[in-house]
Amino acid sequence: MTEFEIIFVVFGIGACIVGAIQVTIAYRSSIRDVEPDPERFRRFVERGMELRRQALEKSRATDRPCDDVTEPKSADLPTQQADTD
């Protein structure tokens with residue numbers, strides 16, 4: 001190896017070690033215990049109930065049958081065919 005390659009490898013290893021240390025510090029600071037916020041949880045649940053109510057109302061409005069639509073007759077329904085293998 002030439003002198004340049006040795007210096008390059010040493011600095012590369014040093015950079016990897018420094019990077020590993022920084023990642024470890026960032027990981028340890030990100031997994032700290034966090035207390036749940038009861039007010040935020042209450043708002044989350046209320047918003048979910050409101051969205052569900054809106055979805056139900058929307059589906060009820062679109063599920064109402066129109067007067068010009070008739071019920072499907074047995075001839076309109078698909079029939080099962082036996083396997084002929």
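Just so you know, residue 1 is the first one in the sequence shown, and it goes up from there.
Summarising the geometry, atom CZ belonging to Phe41 is positioned 10.5 Å from atom CD belonging to Glu46; distances are rounded to the nearest 0.5 Å. Interatomic distance, CG of Leu56 versus CG of Leu51, reported as 11.5 Å (0.5 Å rounding).
The pair Arg42-Glu39 meets the salt-bridge criterion, since a charged nitrogen lies less than 4.0 angstrom from a carboxylate oxygen.
Every salt bridge (charged side-chain N to carboxylate O under 4.0 Å, His left out) that Glu50 has, sequence neighbours left out, goes to Arg47.
Alongside Ile13, the hydrophobic cluster contains Met1, Ile6, Val9, Val10, Ile17, Ile21, Ile25 (criterion: ILVMFWY side chains under 4.5 Å).
Within a 6.0 Å sphere centred on CZ of Arg53, other residues, nucleotides and ligands contribute more than 12 heavy atoms. By the neighbour-count criterion of 12 heavy atoms within 6.0 Å, atom CD of Glu3 is sparsely surrounded, having that number or fewer from other residues, nucleotides or ligands.
Using modelled atom types, no side-chain atom of Glu57 and backbone atom of Gln54 make a donor-acceptor pair closer than 3.5 Å.
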